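Below is one structure, written out as structure tokens; the observations come after it.
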Amino acid sequence: MTMLTRENTEHRIDYSIIDFPDDARDRDSVLAATSAWLDSAEMTELLGNFGHKLTAHDLGSRLTEAETLTRDIFDFRRGGERWEARQADFPAHVTETTDALVKRLYREPTGNPATDFGSYDHALVLGGRINSCLLRGELLAELVSIGLDVSNIWGLGSRREITPGEHELATDLGAGWAQDELDVMAVALSATFDSPQMMAAPRTPGPSEVRTLRTDPIPVIGLAAAPAPGSPRATTSDTYRHFVNVAHTTPGSRILVVTSAIHGPFQHAQALAMLGATAEVSVTTVGAHIGTSSRSTVRTTWTTAEWLQEIRSTIWSMRMMYDALHSSSAS
């Protein structure tokens, strides 16, 4: 079963689960898993395909070296948004190695939420463009429908202005008023949970927002995070930080991060850095496969170049996670 491309053959959304430690308080396990992936035969082969290899000795230095190398060979965004990244073609053996490397970070579900997950205090649907919000909302709605036990649902977003294409899709879903990422998150959760009242929740202007989308049967709250000082827009880390400040989590809380399969590895590492190391919560991450969405407006195929870009993002996030773990242990 390939990680890079999957098609909907069973008329349901398909997903994979990040196979990586979930508790940043177990620092040794997190660092051992990081080292195992970074030093894997698959990573060595992938970098070798581009004429590179890691030469540094300790884990922190190797992460820094890998981040520098992949900036030169896998950064197709060059400071732009993901949808603005330069496209590139690669031979089949690069795609196969990329797939094998990504597989090292995932496991496949049994199909029984009670067995795969247990119960969660909070589920976080990560934001992005409206198609990503629809994909992630669809996955969480499916998991809840087959028995996932979760106490609160949060849609994480920002004040990023939506694109004309996003506005067109939002309009098709009855939300021509949508302006920013939180708006399209509300639209997506309303559509995927078949809960029209979520779109009726009033907007509150300002750089950040807490918007109650519904209160039962499971509370759903939308968040717009303000960007960090000096940053043009909020990042995934900013949305995690805003969630912690609003939700008032307690040590030991269980968090489920719901995202896209291509983004799961880097967003899990960021969650361990921003949620695990600081708020002392445990984090499980699930990633939906976009080619298996029930919505034709969402279904597409991620390219090898896009996966390579997110391998770079994972290395960058693991380096940030490494720093956060050392900082928390020092304090």
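This structure is a prediction, so every number in the text was calculated from the model and none was measured. As a basis for the values below, the full set of heavy atoms in this structure was taken, side chains included, without hydrogen atoms, waters or symmetry mates.
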* Do Q267 and T285 get their side chains close enough for a donor-acceptor pair, meaning under 3.5 Å? -> no

* **Exam field: side chain S190 to backbone A186, donor-acceptor pair closer than 3.5 Å** => no

* Asked: Closest heavy-atom contact between Y106 and G287?
  -> OH-CA, 4.4 Å

* From CA spacing to verdict: side-chain contact (heavy atoms from CB on, under 4.5 Å), T239, L223 -> CA-CA 8 Å; T239 64; L223 299 180; over 6 Å; no

* Do the non-hydrogen side-chain atoms of P265 and E310 ever get within less than 4.5 Å of each other? -> no

* Asked: Any donor and acceptor pair, going by atom type alone, linking the side chain of W37 with main-chain N or O of I315 inside 3.5 Å?
  -> no

Residues 210-221, side-chain donor-acceptor partners within the protein, below 3.5 Å, at least two apart:
from : atom 1 : to   : atom 2 : distance (Å)
R211 : NE     : E209 : OE2    : 2.9
R211 : NH1    : D183 : OD1    : 3.1
R211 : NH2    : D183 : OD1    : 2.9
R211 : NH2    : E209 : OE1    : 3.1
R214 : NE     : I218 : O      : 3.1

* From CG (D39) to CD (E42), nearest 0.5 Å -> 11.5 Å

* **Presence of salt bridge, D121 and R254, under 4.0 angstrom** => no

* Does R136 reach the main-chain N or O of G127 with its side chain, forming a donor-acceptor pair under 3.5 Å? -> yes

* To do: Check the hydrophobic clustering (I, L, V, M, F, W, Y; side-chain heavy atoms under 4.5 Å; chains of links allowed) and say if M320 and L156 are grouped together.
  => no

Got a list of side-chain donor-acceptor pairs under 3.5 Å for residues 270-284, not counting sequence neighbours?
from : atom 1 : to   : atom 2 : distance (Å)
T278 : OG1    : M274 : O      : 2.3
T284 : OG1    : Y120 : OH     : 2.9

* Asked: Considering all heavy atoms of both residues, which atom of L135 and which atom of V298 are nearest to each other, and what is their separation?
  -> CB-CG1, 3.9 Å

* Evaluation steps, side-chain contact (heavy atoms from CB on, under 4.5 Å), between I311 and F266 -> CA-CA 8 Å; I311 286 175; F266 95 81; over 6 Å; no

* Asked: Can you find a heavy atom in the side chain of L325 that is under 4.5 Å from one in the side chain of V30?
  -> yes

* Could you tell me whether the side chain of T98 reaches within less than 4.5 Å of the side chain of L4, counting heavy atoms only? => yes

* Passes side-chain contact (heavy atoms from CB on, under 4.5 Å), H57 versus R62? Steps please. -> CA-CA 6 Å; H57 296 290; R62 290 173 74 77; 6.0 Å; no

* Nearest heavy atoms of G174 and M199, plus distance in Å -> O-CE, 4.3 Å

Which pairs would a plain distance check flag for residues 43-53, meaning a side-chain donor or acceptor within less than 3.5 Å of a matching protein atom at least two apart in sequence or in another chain?
from : atom 1 : to  : atom 2 : distance (Å)
T44  : OG1    : S40 : O      : 3.1
E45  : OE2    : T97 : OG1    : 3.2
N49  : ND2    : E45 : O      : 3.4

* S317 side chain reached by T314 side chain, heavy atoms, under 4.5 Å -> no

* Asked: Under 3.5 Å, is there a donor-acceptor pair between the side chain of S231 and the main chain of A228?
  -> no

* Asked: Under 3.5 Å, side chain of S293 to main-chain N/O of I290, donor-acceptor pair present?
  -> no

* To do: Enter the distance from W302:CH2 to I262:CD1 here, rounded to the nearest 0.5 Å.
  => 5.5 Å

* Any M185 side-chain heavy atom under 4.5 Å of V125 side chain -> yes

* Does the pair E7 and T292 meet the rule for a side-chain hydrogen bond (donor to acceptor under 3.5 Å, both in side chains), with working shown? -> CA-CA 5 Å; E7 297 179 354; T292 68; over 6 Å; no

* **Derivation of the side-chain contact (heavy atoms from CB on, under 4.5 Å) call for T297 and I130** => CA-CA 10 Å; T297 53; I130 189 171; over 6 Å; no

* Any chance you could lay out the side-chain hydrogen bond (donor to acceptor under 3.5 Å, both in side chains) test for T250 and S253, step after step, and finish with the verdict? => CA-CA 6 Å; T250 57; S253 293; 3.2 Å; yes

* First locate atom CG of N152, then atom CG of L124, and finally report the distance between them rounded to the nearest 0.5 Å. => 10.0 Å

* Nearest heavy-atom neighbours spanning T259 and G264 -> CG2-CA, 3.7 Å

* Distance in Å, T64 OG1 paired with D323 CG, rounded so as to fall on 0.5 Å steps -> 7.0 Å

* **Residue pair T95 / T304, side-chain donor-acceptor N/O under 3.5 Å** => yes

* **L134 and L169, any side-chain heavy atoms less than 4.5 Å apart** => yes

* Asked: In terms of side-chain geometry, is the basic nitrogen of R233 or D238 positioned less than 4.0 Å from the acidic oxygen of its partner?
  -> no

* Asked: Can you tell me if D116 uses its side chain to pair, donor with acceptor, with the backbone of T110 under 3.5 Å?
  -> yes

* Asked: Does D99 come within less than 4.0 Å of K103, counting only side-chain N to carboxylate O?
  -> yes

* Could you give me the CA-CA distance, side-chain angles and deciding distance for T303 and E306, then say whether side-chain hydrogen bond (donor to acceptor under 3.5 Å, both in side chains) is met? => CA-CA 5 Å; T303 66; E306 288 172 309; 3.3 Å; yes

* Structure fact -> On a heavy-atom basis, the closest approach of L148 and G118 is CD1-O, 4.2 Å

* Asked: Just how far is it from atom CD1 of I13 to atom CZ of R295, taken to the nearest 0.5 Å?
  -> 10.0 Å

* Asked: Would a 4.5 Å heavy-atom cut-off, applied to side chains only, mark L59 and T34 as touching?
  -> yes

* Asked: Which value, rounded to the nearest 0.5 Å, describes the distance between I255 atom CD1 and W154 atom CH2?
  -> 9.5 Å

* To do: Could you tell me whether a side-chain N or O of R160 sits under 3.5 Å from a main-chain N or O of G128, the two making a donor and an acceptor?
  => yes

* Asked: Would you call the rings of H122 and F243 parallel, tilted or perpendicular, where under 30° means parallel and over 60° means perpendicular?
  -> perpendicular

* Asked: Is the Y322 ring parallel, tilted or perpendicular to the H326 ring (thresholds 30°, 60°)?
  -> tilted

* Side-chain donor-acceptor pair under 3.5 Å between T192 and E138, yes or no? -> no

* Do side-chain atoms of Q179 reach the backbone of E161 as a donor and acceptor pair under 3.5 angstrom? -> no

* Asked: Ignoring hydrogens and geometry, is there a side-chain-to-backbone donor-acceptor pair from E181 to R159 under 3.5 Å?
  -> no

* **Heavy-atom donor-acceptor pair, H268 side chain to D19 backbone, under 3.5 Å** => no

* Asked: Considering all heavy atoms of both residues, which atom of F20 and which atom of A33 are nearest to each other, and what is their separation?
  -> CE1-CB, 3.5 Å

* Please examine the side chains of R71 and W316, heavy atoms only from C-beta on, and report whether any two atoms are closer than 4.5 Å. => no

